[in-house]
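What follows is one structure encoded as C-alpha cells, with my remarks underneath.
Numbered from 1 within each chain, the chains take letters A, B, ... in sequence-line order.
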There are 2 protein chains.
Amino acid sequence: MNTLQKLDHIDRKVLEILQSNAKITNAQLSKEIGLSPAPTLERVKKLETSGIIQSYHAQLDREKVGLGVTTFVQITLVGHKKQVTDSFVEKINSIPEVVECHHITGSGDFLLKVISKDISSYQRLMLEKINEIEEVASTQTMVILSTFKESKVLPIP
Amino acid sequence: MNTLQKLDHIDRKVLEILQSNAKITNAQLSKEIGLSPAPTLERVKKLETSGIIQSYHAQLDREKVGLGVTTFVQITLVGHKKQVTDSFVEKINSIPEVVECHHITGSGDFLLKVISKDISSYQRLMLEKINEIEEVASTQTMVILSTFKESKVLPIP
DNA sequence: CTTAAATCCGAATAATCTTCGTTTTTGCTC
DNA sequence: GAGCAAAAACGAAGATTATTCGGATTTAAG
C-alpha cells in the first residue's frame with residue numbers, strides 16, 4: 001500500500017501543480033514540468049488510476065454564496081461504545097452543513113467543521129440537529145473570526 | 001457584494017456538480033442540468049469571473065503520498081496586539097505543513113490544521129517550528145484518529 | 001558493454017470546447 | 001392578455017485540446 005517511492009520529482013511537481021490549479025491544460029502542464037504532452041498525460045492518468053489523485057473539486061467563495069459563518073464544534077459523546085459512535089457518525093453524515101467530522105484525541109471525542117449562513121442559522125442547526133442527536137452529551141464551539149491560511153496543497157514529504 | 005439572488009436553481013446545480021466533480025466535461029454537465037452546451041459554458045464562465053467559483057483543485061490521498069498524521073493545534077499567543085498576530089500569521093504562512101490557520105473565539109486564539117508524515121515528524125515540526133515562534137505562548141493538540149466525513153460540497157442556502 | 005524494459009517524443013486523429021447568428025423564452029407595460 | 005424588448009438558449013461551424021501510436025531515446029541490470 002506504500003505508494004511512496006514510486007513518485008519521482010516530476011510526479012511531485014505534477015501533484016503540486018494540479019493541487020493548486022486543476023484546470024491547467026495538459027499542454028501547459030507539460031511545459032511546466034519539462035516534458036512533452038504525451039508522457040505528461042500518461043503520468044497524470046497513472047496518478048489517477050493508482051488513487052493518489054482522488055478527485056477534482058471546484059472551490060467556492062463562501063461569502064458570495066451566502067455562507068458567512070464557519071465553526072469548529074467539539075463533541076463529547078455519552079459513551080465510547082462502538083455502537084454509540086457508529087450511530088452518531090451516521091446521523092452526522094446526513095447533515096450537509098457538517099462538512100468535516102474527525103475522531104480526535106484530547107478533550108472531546110469528535111471535531112466537526114460546520115458551515116452556516118449566519119449565526120442564527122448556526123444556532124438553529126445546533127439546537128435542532130446536533131444537540132438533538134441522542135449520543136451527544138455536550139458541545140463546545142469555536143467560531144472562526146477570520147481565516148489567514150487555507151492551502152489546498154499538501155506538504156508531500 | 002451580495003451575489004446571492006443572482007443564483008437560480010440551475011446555477012446551484014452547476015455549483016453542486018462542479019464542487020463534487022470538477023473534471024466533468026461541459027457536454028456532460030449540460031446534460032445533467034438540462035441545457036445545451038453553449039449556455040452551460042456561459043453560466044460556468046460567469047460563475048468563474050464573478051468569483052463565486054474561486055479555483056479548482058486536485059484532491060490527493062494523504063496516506064498514499066506518505067502523510068499519515070493530521071492534527072488540529074490550538075494556539076495561544078503571548079498577547080493580542082495587532083502586531084503580535086500579524087507577525088505570527090506571517091510566520092505560519094511560510095510553513096507548508098500548516099494547511100489552515102483560523103482566528104477563533106473560545107479558548108486559544110488560533111486553530112491550525114497541520115499535516116505531517118508521522119508522529120515524530122509532527123513532533124519535530126512543533127518543537128523546531130511552531131513553538132519556536134516567539135509570539136506563541138502555548139499549544140494544545142488534537143490528533144485525528146480517523147476521519148468520517150470530509151465533504152467538498154458547501155450547503156448553499 | 002549488452003540488452004530489455006521503461007520512458008519519452010512527434011505527429012495524426014479524436015474529442016471537446018468555444019463562438020456566433022438565429023430562435024425561443026421571459027418579464028414588463030399597456 | 002397582447003405586444004415588445006431583453007435575456008437566455010439553441011445548433012452548427014471553427015478552434016483548441018486531449019489522446020493515441022509507432023518509433024527513438026534513455027535507464028538499469030546483468
The remaining residues in the hydrophobic cluster of B:V153, counting side-chain heavy-atom contacts under 4.5 Å among Ile, Leu, Val, Met, Phe, Trp and Tyr, are none
Gap between atom CG of B:L7 and atom CD1 of B:I52 - 0.5 Å precision: 4.5 Å
Between A:I10 (CD1) and D:dT26 (P), how many Å, whole number? 14 Å
The criterion is side-chain contact (heavy atoms from CB on, under 4.5 Å); which residues satisfy it with B:T25, sequence neighbours excluded? B:A27, B:Q28
Please list all pairs meeting ring-ring contact (aromatic ring centres under 6.0 Å, His included) that have one or both residues in residues 59-83 of chain A, counting only residues at least two apart or in different chains. A:F72-B:F72, A:F72-B:H102
Only counting residues at least two apart or in another chain, list the ones meeting side-chain hydrogen bond (donor to acceptor under 3.5 Å, both in side chains) with A:S121. A:D118
What is the distance, rounded to the nearest whole Å, between atom NZ of B:K45 and atom P of D:dA8? 17 Å
Output the residues of residues 16-24 of chain B in contact with DNA chain D, where contact means a heavy atom of the residue under 4.0 Å from an atom of the strand; sort by number or write none. none
Using whole Å, what does the distance between atom P of nucleotide C:dG10 and atom CD of A:E42 come to? 15 Å
Using whole Å, report how far NZ of B:K46 lies from P of C:dT18. 16 Å
Give every residue pair that meets the ring-ring contact (aromatic ring centres under 6.0 Å, His included) criterion with at least one member in residues 133-157 of chain B, sequence neighbours excluded. A:F110-B:F148
Could you check how far CG of A:L41 sits from P of D:dC21, rounded to whole Å? 13 Å
Salt bridge (Lys or Arg N to Asp or Glu O under 4.0 Å) partners for B:D86, two or more places apart: B:K82
With sequence neighbours left out, what residues match B:T105 under side-chain hydrogen bond (donor to acceptor under 3.5 Å, both in side chains)? none
Pairing residues for B:E48 by the side-chain hydrogen bond (donor to acceptor under 3.5 Å, both in side chains) criterion, not counting sequence neighbours: B:Y56
Could you give the distance from NZ (A:K113) to CG (B:L111), rounded to the nearest 0.5 Å? 9.0 Å
Can you list everything that forms a side-chain hydrogen bond (donor to acceptor under 3.5 Å, both in side chains) with A:T141? Sequence neighbours excluded, please. A:Y122
Is any side-chain N or O of A:R43 closer than 4.0 Å to OP1 or OP2 of C:dT7? no
Once base and sugar-phosphate atoms are separated, protein heavy atoms under 4.0 Å mark nucleotides 10-17 of chain D, 5' to 3', with B, S and - as BB-----S
Have a look at the helix from C:dC1-D:dG30 to C:dC30-D:dG1 and give the angle its two end axes make, five pairs each, rounded to 10 degrees. 50°
